[in-house]
Amino acid sequence: MKYYGGCDVGSTYTKAVILDENGKMVADTTIKSKINSEASAKLAMDEVLGKVGLKSSKELAYLIGTGYGRNKVPFADENISEISCHAMGVHVTDPSVKAIIDIGGQDVKGIAVDTDGTVKNFAMNDKCAAGTGRFYEAMARSFEMTLPEFSKLSLTAKNVIPITAQCTVFAESEVITLVGENKPMDEIAAGIQMAVAKRCFVMAKKAGATDSITLTGGCAKNDGLKDAIEHVLKLKVINLKTDPQLMGALGAAEFARQKGQAK
Amino acid sequence: MVLSTELLGIRNALAEKREIKAKKAAANGKAKFPNPAFFRAKDNIDWKAQGKNLMEVVGICTEMFKEADHKAFWKLQAERCKDDLNRCILEFKQATQMSPEELKDVFLNGEKTLGKLYRKGDMATVRREWKGAVDTAYDFKEWLKMWGMLLMTFSKDLVPALNSALYYRWMISYFCCVGFMDKNTFGQKGSALRMSHLMIYDIFRYVAENLVFLAKCDKKNGNSVLNKKVVLFDEMTMGQIMAGFPDLVGIPYQLMPVFLVSEIDQLTCIPYIDAVESFGLPADTCPVPSSECGALVIDALPHMGSCFISSSMPCDGSVMASEYMSRRFPDLPVYHLTFPVRYEYEETTQDAVEDIKGCIKFVEEITGAKWNWDAYFKQMKRFNEETAYELQKWEVNKTDYPQIIGPCYELFRKWNYEMDGGADPRTMRTFEKVNDIMMKAYERREEAWRGKMKYRGIVWSCPAHYYANFSNWLANCWGIDILVEMESLNFTKVLETEDKEEALMDLARLYERMVMRRHTNGGYHNVVDELWRQVEDWRAEIIIMYQNVACKNMATLQGILDDQCRDKNYHMIWIEHDLMDPRTVSRKNMRGKVNEYMRTVMRAEPIDPTLEEFDDETAM
Ligand SMILES: Nc1ncnc2c1ncn2[C@@H]1O[C@H](COP(=O)(O)OP(=O)(O)OP(=O)(O)O)[C@@H](O)[C@H]1O
Ligand code: SF4
Ligand SMILES: [Mg+2]
């Protein structure tokens, strides 16, 4: 059996996926990224390789690296941009999806997907941390909660307390003030989710979303955000049957499979 | 360090003699340009103050010398020498590995990869580009010619020029304008190279002459009687109005210390921006007015001129700069041109005419000069002819064989439209020569960017100053050839040169369509609908859409542009930049946007892969 690998070294998490010849996902992993991207890639790859009984990435028929910046995985056969990989990952998971918002640890991307899984257009916000994973991590800290707990908090809210600050630093102090004023926690959380959903509007537009959208990246697992996007943007959020955080790595592995088989 | 000499009133016999001579020559139809009376007027230099300044400069240099880490400096030099040596060996080896045909090709047609000429931490490329035997020789000749012109011009008024060079740090950047010439002709060969050189030479001749004027007029420095003849303009206001005042000179005041210099050296505006921000200005302000104000804060602008013409151009930012200006130089009367926003409505033109009339009256009152219709018509006839040549360029570029692309042309168009405006008769020769070369190249169906003509491109919105040669990189790396820029597509109607009232109407229409006014005035259709029209007209495949992150004016239209672009199915690449501050969005990030788009959406491979990623953070 030949195996094909994809490795996505993100700014916060490194993800790796191995596909078999038929495109079935046979191994995956998500680990915290190290400062050195090569070291992160190696750790993640060692883990998935072990799962399929391989010793080294050289034993893979083809390996593709992706992530923020070029040549994230120097030992890969090739590196491809993470935008292309996210599009491909979603395409093989659900070919009907046309518009994606990828919300990772420190940037947000809007991607328009063509019928063959290639990228039609994209936009990126990599300047500002507001509305990214980092922002949520800071918010969860302010609430003294874990991230999954915080993600669900807003779902019970009856009202929304609007957050006016646009920026992570200011939003954090605004939230701390509201918490100090003993305002209901779930209503503050709903305000935060609404603020992030609004920020997604530009990206959804750039991705060409008209009635539905798919979220990828770690923040796609944030239920409160999904709910807010459906309410604020009036877009149906299509859930993926595979872990949305793995989409970049999955797309890379799928490219590896296509290229390896064409070799 | 403020040197104040108030010698403005002193008469100068020599200067007056020269002026009388120049007037006689003009009457005999032998007028020289620029008026020789503007040069060599004996200056009333305050030597005591100059001496003090010199001592201060020497003091700063001594301190810098003492504080410098000499060991590290020499270590770096040694490393560089080693690096240079290794590079030479490598290039030699590569040459020996080439087949005789390949070697011949490189010798005759130039090198194929240019990224290797950049080195991290350097301000200039490691060496000049090898463009092939003939073009390299030609390029070198032009390089010498540019140096010759600069030295000759400065020698006309050497003492004030040297004084200024010691006083203003931005002046030193102009010594690198040959480097500017190089970076803007990077990768160009044949006819395209020749046209670029012709155009950039004219711009720098104008710059050199104006630098000397600035140095001479500066009350901190030369304080010559010339000051009374000088009318200052803000860097966006067009100079055509001065055509009616042949005995005065109009100088775009902030152009040299701020605007243009930031195109020559990407790092020049940083001290200005930092200064004004430490003075209290919010950091998200547009770098144009920020830099202008910062330049005033650190005393980088000369104290000169009889009056100042500013405009509501491109936006309210210029009002802010005016405020700083009046604080720094309270003795300088200002006229503020405020043209109607919705200028496409003909009903508003009369208001603009009144504004122009007011400005003329203001200049007359301040300087004592009289508006001269004959002189005005003469210059505008020349400007009309130049515009006709410009339109010819557009015609050629719209065909399948565009001939005139690249940053030198973009700059020349803007300079001619905004600053020169038919004033300098020498420019006419350049237009003729360029046209001649262009038409011959067109007849021969030459490739303007040899081997690099892949996509027809158009640039929309205002480009980044610190990456003036971005279009050059686009062509060299990806084969995206920019046929025209939004800022070049201004007023091209023939200006009236007989009827006085109609002439004023035309002048108003011209001023209302200044460079940079399109994205701030005139309504959204001016930017949005017009884009689609132009894209079709030029048959552009790729739109390079600049987005100045600090400009709220243009930001309003992003969503509409995006939506309509998707419907129309064009390739639009958004390039964020911060106009004059490369720290916000670096050149590398700007290139990254194109690289990403070309690879992911166009699924293209670069023509020159060495240019996809390289370090030019400190490069000019
Ligand atoms: N179960 C979860 N619930 C909510 N949020 C989560 C969950 N798991 C991860 N996240 C969020 O996802 C983020 C990481 O997402 P992802 O792995 O896509 O980022 P990345 O690829 O490293 O970043 P980038 O793409 O910006 O470089 C974390 O910052 C975290 O906030
Ligand atoms: S870029 Fe925008 S904000 Fe800056 S001067 Fe121009 S119009 Fe004004
Ligand atoms: Mg990611």
Side-chain angles (χ1 to χ4, degrees), chain A residues 64 66-72 74 78-89 91 98-100 102 107 109-114 116-128 166-167 169-170 198-210 233 248 251-252 255 258-259, chain B residues 115 282-284 477 541-543 545 547-550 552 555-578 581-586 588-606 609-615:
Chain A
I64 286 185
T66 187
Y68 190 71
R70 258 160 56 84
N71 293 333
K72 274 283 160 181
E78 203 177 314
N79 280 276
I80 292 187
S81 94
E82 52 176 341
I83 294 170
S84 302
C85 290
H86 272 270
M88 186 50 82
H91 182 70
K98 294 284 158 291
I100 305 172
D102 168 37
D107 62 29
K109 305 174 197 79
I111 307 169
V113 196
D114 218 335
D116 58 352
T118 56
V119 178
K120 241 164 94 180
N121 206 343
F122 67 91
M124 226 162 136
N125 173 15
D126 52 5
K127 287 275 159 292
C128 166
Q166 289 288 314
C167 144
V169 182
F170 288 113
K198 272 191 192 160
R199 290 184 69 92
C200 288
F201 185 67
V202 177
M203 290 297 147
K205 247 182 119 62
K206 295 245 183 189
T210 46
L233 306 192
F255 275 125
Q258 290 173 7
K259 296 208 172 192
Chain B
D284 63 350
C477 184
E541 297 152 85
I542 292 182
I543 304 163
M545 179 59 85
Q547 185 193 351
N548 170 6
V549 291
K552 312 291 184 274
T556 51
L557 298 174
Q558 266 187 47
I560 306 176
L561 281 166
D562 252 342
D563 268 358
Q564 297 194 4
C565 186
R566 194 171 19 253
D567 290 344
K568 293 179 190 295
N569 233 335
Y570 287 128
H571 288 294
M572 184 151 83
I573 312 181
W574 286 87
I575 313 283
E576 288 167 344
H577 65 77
D578 200 12
D581 193 344
R583 295 169 299 182
T584 321
V585 185
S586 66
K588 199 174 179 160
N589 282 340
M590 289 172 64
R591 291 194 295 269
K593 281 278 152 70
V594 179
N595 293 341
E596 184 86 55
Y597 194 92
M598 294 309 285
R599 282 197 175 272
T600 46
V601 182
M602 307 291 281
R603 273 168 284 154
E605 285 295 322
T610 64
L611 282 174
E612 203 177 352
E613 224 166 301
F614 59 92
D615 202 305

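In this text the structure is predicted, and so the values were computed from the model without any measurement. Every heavy atom of this structure was used, including side-chain atoms; hydrogens, water molecules and symmetry mates were not. Each chain gets a letter, A, B and so on, in the order its sequence line appears, and its residues count up from 1.
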### Query
Which region of B:N569, side chain (C-beta onward) or backbone (N, CA, C, O), has a non-hydrogen atom less than 4.5 Å from a non-hydrogen atom of chain A, or is it both or neither?
neither
### Task
Quick one: do A:V119 and B:Y597 satisfy side chain to side chain contact (heavy atoms under 4.5 Å, CB included)? Show the steps, please.
CA-CA 9 Å; A:V119 178; B:Y597 194 92; over 6 Å; no
### Task
Answer yes or no: is there a side-chain heavy-atom contact under 4.5 Å between A:K206 and B:Q558?
yes
### Message
How about CZ on A:F201, more than 12 heavy atoms from neighbouring residues, nucleotides or ligands closer than 6.0 Å, or not?
### Response
no
### Engaged part of A:K120 at the chain B interface, taking heavy atoms whose separation is under 4.5 Å
backbone
### Message
Between B:D562 and A:K205, does the side chain to side chain contact (heavy atoms under 4.5 Å, CB included) criterion hold? Intermediate values first, please.
### Response
CA-CA 8 Å; B:D562 252 342; A:K205 247 182 119 62; 5.8 Å; no
### Message
In the structure I gave you, are the side-chain heavy atoms of A:S81 and B:R599 within less than 4.5 Å of one another anywhere?
### Response
no
#### Entry: Atom pair CG (A:N121) and CH2 (B:W574), whose distance is rounded to the nearest 0.5 Å
10.5 Å
